[in-house]
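Convention: sequence-line order gives letters A, B, ...; per-chain numbering from 1.
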2 protein chains.
Amino acid sequence: MSETVYPLAGNTPQRKGLRDSVYELILNMLMTSDIAPGTRLSIDVIARDLKVSPTPVREALVQLERTGLVTREALKGYRVAPPIHSGQLEALFDARLVLECGATELAAGHAADVVPELDATLEKQRELGEKVRRAFAAGGPAPVDLLREYFAVDWQFHHLIFEGTRNPFLLDMSEDISIRVHRMRQTVNAGVTDAPDAVIEHGLILDALRNGDGDAAAAAMRDHIEKVRERARQDTAAR
Amino acid sequence: MSETVYPLAGNTPQRKGLRDSVYELILNMLMTSDIAPGTRLSIDVIARDLKVSPTPVREALVQLERTGLVTREALKGYRVAPPIHSGQLEALFDARLVLECGATELAAGHAADVVPELDATLEKQRELGEKVRRAFAAGGPAPVDLLREYFAVDWQFHHLIFEGTRNPFLLDMSEDISIRVHRMRQTVNAGVTDAPDAVIEHGLILDALRNGDGDAAAAAMRDHIEKVRERARQDTAAR
DNA sequence: AAAACATGTTTCCTATAGGATATTGGAAGA
DNA sequence: TCTTCCAATATCCTATAGGAAACATGTTTT
């Protein structure tokens, strides 16, 4: 009975339960590949594909439903949530303005802690932005992986500011916003060529934080988000 | 192709399945009765109590976990989340300041739509506040149901402002905050005797909105929340 | 020919069962 | 007396099965 052989470094990613594994798998699938909105996410089909029973899949979908990536209709199943259309896009930027400007002001209270991290992140963003610029200058296909990495670092700057507030509630909300922003980038392919602009604007925010000027930092953040909004508008108009 | 058949007024309240029923039952249980934090929420026990199978209970708990009311440890089960202690209480008010002041400013853009509803709600709050005052003046035990009703109307004022933004993202976040505020009221028993103050402060916000002055409304909201924070501080200090 | 009905299939939803893991209690030893 | 070990129980986690609703298809009727 006691077959308790200690697996040692035997990687057991199921150590955290199948539910979380399935959750991350579906989340990655939704984030990376472009799946048409409205696509049915059949529980049984996913369970068969992943060689697991429907129960963990069901729980993972409940968790995903709360994020807004999938929608559920009682007795009809789950579907991929509709994309963000222009009206909601404006609302998303309004929400970001409210949240991030306030967060920036609060983060200024812990400027000494957050500035170094922001500095390192901005430097990474600068390097990656340069790589992206070169890749586009060289022509060829869009460097998907590189862009994904750049976007991740770009968002990490904003995320660090939320962490800098030392406020768990705002941090939770930033998670909600994060997923929606990523989803927006799938539909509005903005931010491809605006890397230099974003780096400069992030630099202005960082400078204000370095001076401990919360109001100026919040104003710089407002300016940044408004400019991103404008670039997104132009992108949707050109599409 | 054109399969957009609008079935009814879209209102199908009895079509929600067991999962949502269980969710609402547990939510109400956590909201109303005072349950000690850390209490184990056994899936099987709940299932037996509610005469259902563990599966819907499990899904309801996954949903509750996302709200922060319960915590989960893999292979160890669910527990009632710890209460809000003083440090987090300050953070909660900071988050409210960020969210609600921004929301108030945005709601001012739709003042014509929201002012009537706010007016009616404030009137209800005034009446209930008076009832509460009389009940306390008469002595006797705390009128639990009456207080619950008063708090509901009090929060409805704030909720209507979130709705007034016409911003689904901010509205979602307000739901998250709402649960935490209710939970705070369980621990910090503030707001019992401050009904007149709250009515006056809400009135100031409403006046500013009636004038269409977004900045003044946001300032009034900031003033209100700061005063609530101060009253909560005094309450925790006196306890 | 178009609409309405009936039937079969798929899928969701709930219930039950079994394996794996954590917790609890007591006994043996230092 | 305290610590350590071990066994028994309770609970969680996953898998499987059956009933109910929704979807799709083919037939009948106007």
Side-chain angles (χ1 to χ4, degrees), chain A residues 1-8 10-26 35-66 69-81, chain B residues 1-8 10-26 35-66 69-81:
Chain A
M1 287 297 190
S2 63
E3 284 277 339
T4 45
V5 177
Y6 288 86
L8 292 177
N11 56 13
T12 59
Q14 298 164 343
R15 187 63 188 138
K16 54 188 172 185
L18 265 186
R19 194 194 86 179
D20 304 278
S21 303
V22 173
Y23 172 78
E24 291 179 8
L25 280 174
I26 300 179
I35 296 188
T39 303
R40 292 199 53 166
L41 292 175
S42 169
I43 294 174
D44 292 340
V45 171
I46 295 175
R48 275 195 297 273
D49 286 357
L50 271 58
K51 312 282 189 185
V52 298
S53 80
T55 308
V57 176
R58 175 175 293 276
E59 294 176 13
L61 286 174
V62 173
Q63 209 171 347
L64 278 170
E65 180 192 2
R66 194 64 185 72
L69 279 171
V70 307
T71 61
R72 164 179 172 270
E73 215 168 340
L75 304 180
K76 288 184 64 177
Y78 292 87
R79 290 177 177 277
V80 177
Chain B
M1 290 295 193
S2 64
E3 59 197 20
T4 47
V5 176
Y6 290 90
L8 287 171
N11 197 357
T12 57
Q14 55 205 13
R15 258 283 187 268
K16 55 183 177 182
L18 259 187
R19 189 189 74 133
D20 304 280
S21 304
V22 173
Y23 172 78
E24 291 179 9
L25 281 173
I26 300 179
I35 296 188
T39 304
R40 291 200 53 166
L41 292 174
S42 168
I43 294 174
D44 293 340
V45 171
I46 295 175
R48 276 196 295 272
D49 286 355
L50 272 57
K51 311 283 190 187
V52 297
S53 82
T55 309
V57 176
R58 173 175 293 275
E59 295 177 12
L61 286 175
V62 173
Q63 207 171 349
L64 278 170
E65 181 191 2
R66 189 62 185 69
L69 279 171
V70 306
T71 61
R72 163 179 173 269
E73 217 168 337
L75 304 180
K76 287 184 66 176
Y78 292 88
R79 289 176 177 279
V80 177

Name the atoms and distances for all side-chain donor-acceptor pairs under 3.5 Å in residues 71-80 of chain A, with sequence neighbours left out.
{"unit_1": "A:Arg72", "atom_1": "NH2", "unit_2": "B:Asp20", "atom_2": "OD2", "d": "3.4"}
{"unit_1": "A:Arg79", "atom_1": "NH1", "unit_2": "A:Gly38", "atom_2": "O", "d": "2.6"}

For A:Pro37 against A:Ala81, the heavy-atom pair lying closest together: CB-O, 3.5 Å
A:Arg66: partners by side-chain hydrogen bond (donor to acceptor under 3.5 Å, both in side chains), with sequence neighbours left out: B:Asp176
Contacts of B:Asp49 that satisfy side-chain contact (heavy atoms from CB on, under 4.5 Å) - sequence neighbours left out: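 If we apply the side-chain contact (heavy atoms from CB on, under 4.5 Å) test to B:Asp49, skipping adjacent residues, the hits are B:Val45.
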Partner set under side-chain contact (heavy atoms from CB on, under 4.5 Å) for A:Leu25, not counting sequence neighbours: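 Residues passing side-chain contact (heavy atoms from CB on, under 4.5 Å) with A:Leu25: A:Leu50.
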Find every protein N or O atom lying less than 3.5 Å from an N or O atom of nucleotides 14-18 of chain C, and list the pairs.
{"unit_1": "C:dT14", "atom_1": "OP1", "unit_2": "B:Leu18", "atom_2": "N", "d": "2.5"}
{"unit_1": "C:dA15", "atom_1": "OP2", "unit_2": "B:Ser53", "atom_2": "N", "d": "2.6"}
{"unit_1": "C:dA15", "atom_1": "OP2", "unit_2": "B:Ser53", "atom_2": "OG", "d": "2.9"}

Any B:Lys76 side-chain nitrogen or oxygen under 4.0 Å from OP1 or OP2 of C:dT23: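 It does, given that an N or O in the side chain of B:Lys76 lies less than 4.0 Å from OP1 or OP2 of C:dT23.
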Euclidean distance, atom CD of residue B:Glu73 to atom C1' of D:dT11 [Å, nearest integer]: 14 Å
For atom CG of B:Leu61 and atom P of D:dC12, their distance in whole Å: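 Interatomic distance, CG of B:Leu61 to P of D:dC12: 9 Å.
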Note, A:Arg19 side chain near A:Val57 side chain (heavy atom, < 4.5 Å): no
Strand contacts (DNA chain C) in residues 40-48 of chain A, 4.0 angstrom heavy-atom criterion: A:Arg40, A:Leu41, A:Ser42, A:Ile43, A:Asp44
Pairs touching residues 54-64 of chain A that satisfy salt bridge (charged side-chain N to carboxylate O under 4.0 Å, His left out), sequence neighbours left out: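 The answer is A:Arg58-B:Glu59, A:Glu59-B:Arg58.
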Separation of B:Ile46 CD1 from B:Asp44 CG (nearest 0.5 Å):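 Taking CG in B:Asp44 and CD1 in B:Ile46, the distance rounds to 9.5 Å.
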